[in-house]
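To start, the structure itself, in structure tokens.
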Amino acid sequence: MICWPRSRRTAGRCCRIEELLRSTHPAHHFRSPLDLRAALMGMLHRLRTGIHWRDLPEKFGAPNKVRCRQGTWLTNGVWDDIVKLLNKEGKGTRVAGYEAAPTLVIHTDLDVGTLF
């Protein structure tokens with residue numbers, strides 16, 4: 001269950017996200033030992049700070065489980081709905097951004113098989 005608000009201000013938002021998840025996922029999604037509220041906060045923390053998954057603090061849950069849960073939400077489109085809900089309420093979060101690196105293309109006439 002996600003609806004464990006830390007303040008009255010976040011109570012409604014947490015409950016709306018939980019309703020959204022319950023409308024799109026079967027019951028077994030919520031029987032996971034992963035605390036979904038903490039996992040969601042971890043996902044947002046990672047976006048704000050730009051850290052690697054392996055560096056996610058344990059208070060958000062096991063990094064690999066949080067990453068897999070976000071992958072599930074991304075795959076089925078619910079992550080977009082969560083982001084829209086947070087943005088609609090004016091509760092967006094600043095995201096660490098990096099300029100895209102140019103594509104690296106290596107052209108060579110060497111036969112890679114002969115190098116080893």
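For this chain, numbers begin at 1 and follow the sequence in order.
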Could you give the distance from [atom1] ([X]) to [atom2] ([Y]), rounded to the nearest 0.5 Å?
| X | Y | atom1 | atom2 | answer |
| --- | --- | --- | --- | --- |
| Arg46 | Ile51 | CZ | CD1 | 7.5 Å |
| Arg67 | Arg54 | CZ | CZ | 12.0 Å |
| Met41 | Leu56 | CE | CG | 12.5 Å |

Got a sec, which pairs hit ring-ring contact (aromatic ring centres under 6.0 Å, His included) with one end in residues 35-55, sequence neighbours left out?
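Matches after skipping sequence neighbours: His45-Phe60.
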Heavy atoms, side chains only, cut-off 4.5 Å: are Trp73 and Leu21 in contact?
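Yes. Closest side-chain heavy atoms under 4.5 Å.
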Do Leu86 and Leu44 come close enough that some side-chain heavy atom pair is under 4.5 Å?
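Contact flag for Leu86/Leu44 side chains = yes.
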Would you please name every residue forming a side chain to side chain contact (heavy atoms under 4.5 Å, CB included) with Asn76, sequence neighbours left out?
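Testing Asn76 for side chain to side chain contact (heavy atoms under 4.5 Å, CB included), a comparison that skips the adjacent residues, returns His25, Thr72, Val78.
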Could you go through the side chain to side chain contact (heavy atoms under 4.5 Å, CB included) check for Asp81 and Ile17 one step at a time?
CA-CA 9 Å; Asp81 295 337; Ile17 292 171; over 6 Å; no
Test side chain to side chain contact (heavy atoms under 4.5 Å, CB included) on Arg69 and Met43 and set out the steps.
CA-CA 9 Å; Arg69 188 53 53 102; Met43 293 169 200; 4.1 Å; yes
